[in-house]
S.K.: 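Quick one: this structure, given as structure tokens, is what I'll be asking you about.
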Amino acid sequence: MLRLVSSASKPTSVGILTKVVAPSCSSLAGRRSFASTSARQADITLTVDGKEVTVPQGSALIQACEAAGATIPRFCYHDRLAIAGNCRMCLVEVERSPKPVASCAMPAMPGAKVFTNTPLVHEAREGVMEFLLANHPLDCPICDQGGECDLQDQSMRYGADRTRFHEITGKRAVENKDLGPLVKTSMNRCIQCTRCVRFANEVAGVEELGTTGRGNDMQIGMYVEKTMDSELSGNVVDLCPVGALTSKPYAFHARPWELKHTDSIDVMDAVGSNIRVDSRGVQVMRIQPRPNDDVNEEWISDKTRYAHDGLRFQRLTNPLIKQGDRFVAASWEDALSAIASGLAKSGAQGDEIQAVAGHLADTEAMVALKDMINRLGSDNLTLDSVGGHAAPVHAVDVRSNYLFNSTIPGVEQADAILLVGSNPRHEAAVLNSRIRKSWLHTSLEVGLIGERVDTAYGYDYLGADAKAVADFVAGKGPFAEKFKAAKKPLIIIGSALAEHPDGAAVYNALAKFVEKNKSTLLTPEWNGFSVLQRATYEVGFVSSRKASSVKPKFIYLLNADEVDPKSIPRDAFVVYQGHHGDLGAQLADVCLPASAYTEKSTTWVNTEGRSQLGRAAVPPPGASREDWKIIRALSEVVNTPLPYDDVLSLRDRMWEISPTLVRYDTVESTSVEVALAGLKTLAAATASAKVSGTPFVKPINNFYQTDPISRASVTMAQCTRAFVKGENYGFSELSSASEAAYA
Amino acid sequence: MFATRLPKHLPRPHLACRKISSTTSKRSDALFVHRDTPYNNPKVPFEFNAENLKRAQEIISHYPPQYKKAATIPLLDLGQRQNKGWTSISVMNYVAKLLEMPPMRVYEVATFYTMFNREPIGENFVQVCTTTPCMLRGSYDILDTVCAHLGGVKPGETTKNGKFTVIEVECQGACSNAPMMVVNDDFYEDLTPATTKKVLDAFAKGEKPKPGPQSGRHTSENSAGLTALTSKPYGPGEFCTPEFR
């Protein structure tokens, strides 16, 4: 059993269930930790292998050793998870200690003298390694972890060079568990480090994973037959130091030493997780997270990790021209001239030329497309979302009106969060784990307005519609009071809210609320007005009010696959540029094959307005080209050549639009004055908004299939079948209804 | 924990048989995963009866409200007693619901402690201790007697009539009265094969024999008779000066 884990999973004083069952804990409301005092942050100095290091008080000894440059082998210790101290691999010698100590579970003490490279330590590690290997099968050649296995590496380095294993009773055998279509288990190999259990319980909020049995018979699992239904489950594969948990879609596909690693950026959600694309030849074999504390810590969502197999299917590899009822492959030249003649034939003038940018469009392409459309005399720039043709309610003149201003790491500082029309678990899974982390370890209070969802943390449910927002703004209800009392309150507005009929009214109410409470919500250090958006407004890809009402005759779909076919006039000439033959391509007269995010080095802006540079890992398939190059070539054919010939001059143009677009990896914050002015404009523009009272709905119903890549992915289809449509094992009624209460 | 005793001398390896693995598989005495069965599945209803519910609330009230889960073990025990001596998946789920904790946390506890029977047991639960002190005093004879007397069951099995379940257990802390066995909640100590049969027969008839040493000892005094404190203890006032008598 894991004492540390179970202390992290607390039944709390918030949540639906508790409110009914235990109203008696009002004096403890909000306090979830045992100690109410904060940790002292003094520094202490100790000696590791004769080297003096200074670390913050409360650090584990293993951290001090790392700071001193000593390598400590470990299996169970992970710096983002609670300490378990059960693998004993990190033993070090401490002066005046009679035995070697587990450095992960031992706090660093001032003045301690630590030795990490003595005969005692070597012997201790060798002994521990022998115990671990006693029950570990010798199946490295057929194990998927081979080559990147901590146990393999460490047994080479710290283990004995011969075996003493002559047990007549044999090795432990444990049956494999079915954790769903993503995680493959081979439980014989498990060394019970419990990293997966701690991850599932602390970070992912899947409290069904645990350890059953005891001693030699202890095993990891769910006890009952159940799959691991979490949008972060793939991370346990990375965490597993042995081959017990491996990736099912990647099983037996490649060995780590065959892969080329490319650091890139994920585009499946608006977080912009940092990823490492592992490719072999022209194929993306797998995607793994890259640590970045400002964005995704060390985790990525399952869609980010596993949807890449969609890059192999349904791809557009040739330019296609529609002839009659079918597409005919064509050369680039023909396709581009077909577009030029189509544009001429459609007779589109000015704002009748419409461009629609989808979720997967990169910044370079959007800038190029906007420039080209503007040069053609049109201002009709549409985003591929509901109501995307109209100018967004929050306007785009001030960045802080549509950005996630608190920043992603800033979420952890908030002491009260109001979610409006959002389910961050599906919209930004990695961000959601930050809220959960904060909820577990601090007295964070969360309120939710919108559809009831399982968020992996408890929340106060305020209502489902604009009326709930009005009540909250008026200060009615206990949560509004808690929010008022909070020092760093945070409002997270879901991306779907702007698309909702009541969006304008809600934005208006919240903008006024922020203005009124600017002493807490809007200070130089803190901006608690955050929009969790999916679209990028950074390049000004929005239409003017006049242009949005014009009926388009020529439509350019850039990665736009969510468009409503009814919104496209029958006689309009439609061009689709993108990488998948999804919905958008079906509507097109001409399809231009572009490259997917793993095939181009482009800028991606996340919900915070943080621009990050993706890198091409594999070449685009067939005749497909980089997006901005296609638009540049087309501009030549339609006689409005764009003034940039290479990506550098295009990025100069991006700098002209907004310098933040080329200031990579940082977030430019908006000053209080400008943010206030932005909110005033927002409030003024939406002052006349009416409330219809329809409830907010969550924007994502199927987390696993949200874009052309994930819709083409076999793995994501399997996930949909397993988790979204999921069979009822007879346990779901237990967990689903009340999970939020004690998650 | 050893389901069966190792034979005194191992049989010679059978040379004709060549398996991939030359080692025997080692099995644990209980399964640490749940399998749905007609008698044990989450759809089987379980709830505390009124009396137990009152008791449960009393137990829960011993702990601070945010640490309700501290009551897991007592409540599981209560559930096991109500559920005919075994802890079904429904008992665990019910306890989890009552304590507002994820069911897995209860499963962890229930699988960790061997005293929670996760399979049905007979009316009488016979636990024979075979740890060293009992073993030295002949506990294997007692175990063999129990098994044979109950119609040839093996440790871990229930008799056909459902009256008895026999298991081997580790030290129960009654070493001074070894060998011993536990039937339901009571210790039967200083056993011989004859007294063991007598105890079992009584249970088979539905009676409850007197718990404690079956040898005529009261507690754990010297079985060969007292060697000290043999004289009559003196009364109050004896050896005192007359004025205090």
Side-chain angles (χ1 to χ4, degrees), chain A residues 1-2 5-7 9-13 15 17-18 21-25 27-28 31-32 34 135 165-175 177 197 200-201 206-219 221-226 729-731 733-735 738-739 741-743, chain B residues 1-3 6 10-11 13 19-36 40-44 57 60-61 63-73 89-90 92-94 96-114 116 118:
Chain A
M1 279 191 312
L2 287 164
V5 168
S6 36
S7 71
S9 54
K10 315 154 181 157
T12 63
S13 55
L17 235 178
T18 339
V21 185
S24 56
C25 50
S27 61
L28 293 143
R31 190 200 295 173
R32 281 182 208 103
F34 198 74
N135 267 323
F165 186 80
H166 304 295
E167 286 284 327
I168 47 158
T169 48
K171 297 202 180 200
R172 182 191 58 221
V174 185
E175 62 184 42
K177 309 285 185 294
V197 176
N201 285 280
V206 186
E207 306 218 314
E208 288 107 33
L209 196 65
T211 57
T212 54
R214 65 194 297 181
N216 201 49
D217 295 319
M218 188 178 106
Q219 49 179 287
M222 309 255 190
Y223 187 59
V224 294
E225 258 177 59
K226 223 174 171 187
Y729 281 105
F731 295 93
E733 70 267 21
L734 270 170
S735 51
S738 45
E739 193 151 23
Y742 45 65
Chain B
M1 286 284 155
F2 297 104
L6 285 171
L10 289 164
K19 281 185 272 177
I20 290 179
S21 146
S22 58
T23 54
T24 54
S25 62
K26 189 181 149 221
R27 296 199 169 94
S28 63
D29 52 355
L31 198 59
F32 290 117
V33 287
H34 168 78
R35 305 248 199 268
D36 273 0
N40 188 13
N41 64 63
K43 299 220 164 78
V44 175
Q57 264 146 6
I60 293 170
S61 72
Y63 306 101
Q66 74 271 38
Y67 296 117
K68 263 200 216 179
K69 63 183 168 200
T72 309
I73 292 177
I89 189 86
S90 309
M92 299 182 215
N93 287 341
Y94 179 69
K97 207 171 112 197
L98 207 61
L99 298 177
E100 289 172 46
M101 55 200 279
M104 186 63 208
R105 299 285 93 78
V106 178
Y107 305 155
E108 282 177 341
V109 172
T111 53
F112 185 84
Y113 293 102
T114 51
F116 293 120
R118 285 171 294 111

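First the proteins, then the strands, lettered A, B, ... as listed; each starts at 1.
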S.K.: For A:Glu175, give me all partners under side chain to side chain contact (heavy atoms under 4.5 Å, CB included), at least two apart in sequence or on another chain.
M.R.: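 Residues passing side chain to side chain contact (heavy atoms under 4.5 Å, CB included) with A:Glu175: A:Lys177, B:Val33, B:Arg35.
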S.K.: Would you name the heavy atoms of A:Tyr223 and B:Met92 that are closest together and state the gap between them?
M.R.: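 Scanning both residues completely, I find the closest heavy atoms to be OH-CE, 3.7 Å.
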S.K.: Within this structure, what is the CD-CE distance for the pair A:Glu207 and B:Met101, rounded to the nearest 0.5 Å?
M.R.: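 A:Glu207 atom CD to B:Met101 atom CE measures 10.0 Å (nearest 0.5 Å).
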S.K.: To the closest 0.5 Å, what do you measure between CZ (B:Phe112) and CE (A:Met218)?
M.R.: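 Separation between the atoms: 9.5 Å.
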S.K.: So which atom in B:Met104 and which in A:Thr212 form the shortest heavy-atom distance, rounded to 0.1 Å?
M.R.: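 Scanning both residues, the minimum pair turns out to be CE-CG2, 3.5 Å.
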S.K.: Where is the tightest heavy-atom contact between A:Gly210 and B:Glu108, given as atom of each residue plus distance?
M.R.: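 Closest approach of A:Gly210 to B:Glu108: CA-OE2, 3.1 Å.
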S.K.: Heavy atoms, side chains only, cut-off 4.5 Å: are A:Arg214 and B:Thr111 in contact?
M.R.: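 Heavy-atom side-chain distance check fails, nothing below 4.5 Å.
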